[in-house]
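Protein chains get the first letters and strands the later ones, always in sequence-line order, with residue 1 at the start of each.
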2 protein chains.
Amino acid sequence: MAEVDRSVSQTVKAQLALRDQILSGSLRPGERISELQAVETTGASRTPVRMALVRLEEEGLLEAIPSGGFMVKAFSERDISDSIELRGTLEGLAARFAAERGVSARELEPLKECLAAIDELLRQVPISIEAFSSYVALNARFHALLTELSRSPPLVRQIDRASALPFASPSGFVMAQSALPEAQQILIIGQEHHRVVIDAIENREGARAEAIMREHARLAVRNLRLALRNRTHLDLLPALALIKTATD
Amino acid sequence: MAEVDRSVSQTVKAQLALRDQILSGSLRPGERISELQAVETTGASRTPVRMALVRLEEEGLLEAIPSGGFMVKAFSERDISDSIELRGTLEGLAARFAAERGVSARELEPLKECLAAIDELLRQVPISIEAFSSYVALNARFHALLTELSRSPPLVRQIDRASALPFASPSGFVMAQSALPEAQQILIIGQEHHRVVIDAIENREGARAEAIMREHARLAVRNLRLALRNRTHLDLLPALALIKTATD
DNA sequence: CGAATCAATATTGTATACATTTTATCACGA
DNA sequence: TCGTGATAAAATGTATACAATATTGATTCG
């Protein structure tokens, strides 16, 4: 038998490999995933592969076929924009909880560091691909930290689950790569939202904190729509394969 | 080998059996679930049991132990009230989508039937246990139908996931069984909310539809708090075992 | 020529054996 | 007495064999 990597479990290995295949477009939406094939491509045996498939189904990337097995789920453009709005709604709740329940200055520090780091990146005009890549990571970190401030494990969990689709979606990447004039402007507006939400939480203004996160999500939706109207570089983005060609 | 029920898959059978054990309190929060033991109690073999465990973990009832295996998750009172508010927030979004996207009279019909049926039940003063049981079913149906009106599969999916905890929680049952004077009053207020949300959707008032569903959730939270202050009949409600005794 | 049926094949569902890791127990020594 | 270490038991992680089901293709009949 082939060498096995003992550092991570076979189940996790299979899950990561399969998710990669889905997000990279090796497996097309609607396509049935054969366990045997998955066993060959992931190197794990059938049991961990099956566990990975169940997890990916729960994650929302796969869909169970009634007669047995799984297929790659297909998403419409609206499915993705709804998911973004959904996530924004939950993040709004998290921001409100944070504001209402109170947050110490010490807890806000990492958020502010993120903010400053993003400011630094956005000073570049136009922003480079490398800088944009850093931006994506920092932005994700900011949102994760903000979510944690809610001190609500169930909410954190839900937001994590709700993030699968928005993150698999290509909105930000497309914007950057298509080098639209709007791209940088949208990032700057988003950063302003970040600044406001921190201010609202500091001043314990729950309603304002919530409202700005929902606005933030609506910005992301507009971002996605704009990106999809300018599909120049879309084939560079395999994640987009998730989007059904014939959308509603 | 023992007889096997071929009408449902072993995986589903195991999942249902285990969920029953958790919700009925046979398995206490924090307790490790032994696969071998689960195999004995469910009648399925280890493979389907493991799949069921993974599903229940994703469902939020179990927690993975780092060193391996799963344990029953414990929830604080605040975890549950947060989950109720979270669900209300998502239902608010669903109601807003429904209002904004438009709903035909034909689609609203089953909702109105639910409404009328609940009205009929609430005419009893005080409400009987049997009637209350019907109420619970009708109420769940109303919420499910309302969710569907959003025409957003990702949102419907998220709401389903967010419902696990609120439904496992004992709020309504405790209220009814403890026969508090407030119990019936709360049901009546809730019914009023149902009426308002339908009206708002019919008139395409998204903001109002959303607001009322969030208020509806806050009512449920007050209901839960009230119930937990009057723990007279709590031991009748095994689902409550989910709540940690030492809450924050 | 098309549709239906049956057989062959492939794939999933289930069970179990094996390997590895974790955990409990006990003995020994400080 | 308490802590530490080794050993044994138990539990999980993994792999694979077997059973049942679904799918495909070919053949035959209308």
* Polar side-chain atom of B:Asp79 near backbone of B:Ser76 as donor-acceptor pair, under 3.5 Å -> yes

* Structure fact -> Walking DNA chain D from its 5' end, the first of B:Thr47 and A:Ile65 to be reached, judged by nearest nucleotide, is B:Thr47

* Could you tell me whether B:Arg55 and B:Glu59 have a side-chain N and a carboxylate O separated by less than 4.0 Å? => no

* Asked: Taking side chain as C-beta onward, heavy atoms only, is B:Pro48 less than 4.5 Å from B:Lys13?
  -> no

* Heavy atoms only: give me the nearest B:Leu121-B:Tyr135 pair and the separation to one decimal. => CD1-N, 3.5 Å

* Are any of A:Thr11's side-chain N or O atoms less than 4.0 Å away from OP1 or OP2 of D:dG13? -> no

Sub-3.5 Å pairs of nitrogen or oxygen atoms, protein against nucleotides 6-12 of chain D:
residue: D:dT12; atom: OP1; partner: B:Ile33; partner atom: O; Å: 3.2
residue: D:dT12; atom: OP1; partner: B:Glu35; partner atom: N; Å: 3.3
residue: D:dT12; atom: OP2; partner: B:Glu35; partner atom: N; Å: 3.2

* Asked: Once you round it to whole Å, what is the distance between C1' of D:dT14 and NZ of A:Lys13?
  -> 11 Å

* To do: Would you mind reporting whether B:Met213 and B:Leu146 have side-chain heavy atoms less than 4.5 Å apart?
  => yes

* Asked: Within a strict 4.5 Å, meaning less than it, do heavy atoms of the A:Ser163 and A:His143 side chains meet?
  -> no

* Asked: A:Leu53 has an atom CG; how far is it from atom C1' of C:dG13, in whole Å?
  -> 13 Å

